[in-house]
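Ligands are counted one by one from 1 in listed order, and the atoms in each one are counted from 1 as well. What you see below is based on every heavy atom in this structure, not just the backbone, and it leaves out hydrogens, waters and symmetry mates.
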Amino acid sequence: MSLFTPNLMLNNVTDIDLDFLESKGIKGIILDVDNTLTMHNSQEVHKIVLEWLQKMKDNSIKLIIVSNNYEERIKPFADKIGLDYISFGCKPLTKGMTQAVKKMGLKKEQVAIVGDQIYTDILGGNLKGLYTILVVPFELENTTFFKIKRRLEKLHINKYNRINRK
Ligand SMILES: [Mg+2]
């Protein structure tokens, strides 16, 4: 499978359920922040996301944030939802993810990464050998750069859909 193809695509992080994690032997999840847990640069958290986080914690699923965004943006958010975090994670480079897997005390085969971007979250996760989950971003960015990137990502998403239709 291509490094740009996620193992799974979901609408929302909250669609990840415990039975699924158990079936894959996943005991920890690396979480992206912007457009995965909340809107870009927002400190707000939806009730449904908070409830999902709590359910994971209650069932001993380890959670950690790895974001490419800066400390000043990520720390208050991580504190608010009570999670450990790695900021300036440099995804798709695997360094931040390696640290995260180590912090969770798990093997990489037991870890999933969830994020909204193919070229950072999914590519990085696949390079690291994690189970990769792509979610639909909360909001689509308006800049030209993001528009081009989203269009490129669509190619990979179409490929995923083709593979999984069979
Ligand atoms: Mg993101």
Would you check if the side chain of Glu153 reaches a backbone N or O of Ile118 as a donor-acceptor pair within less than 3.5 Å? yes

Who passes side chain to side chain contact (heavy atoms under 4.5 Å, CB included) against Lys24, sequence neighbours left out? Phe20, Ile26, Tyr131

Can you tell me how the ring of Tyr70 sits relative to the ring of Phe88, calling it parallel under 30°, perpendicular over 60° and tilted otherwise? parallel

At a cut-off of 2.8 Å, protein N/O/S around the Mg ion (ligand 1) gives Asp32 OD2, Asp34 O, Asp116 OD1

Would you name the heavy atoms of Asp121 and Lys91 that are closest together and state the gap between them? OD1-NZ, 2.7 Å

Side-chain ion pair, Lys47 and Glu51, N-O less than 4.0 Å: yes

Group every Ile, Leu, Val, Met, Phe, Trp and Tyr by side-chain heavy-atom contacts under 4.5 Å, then state whether Leu18 and Val111 land in the same group. no

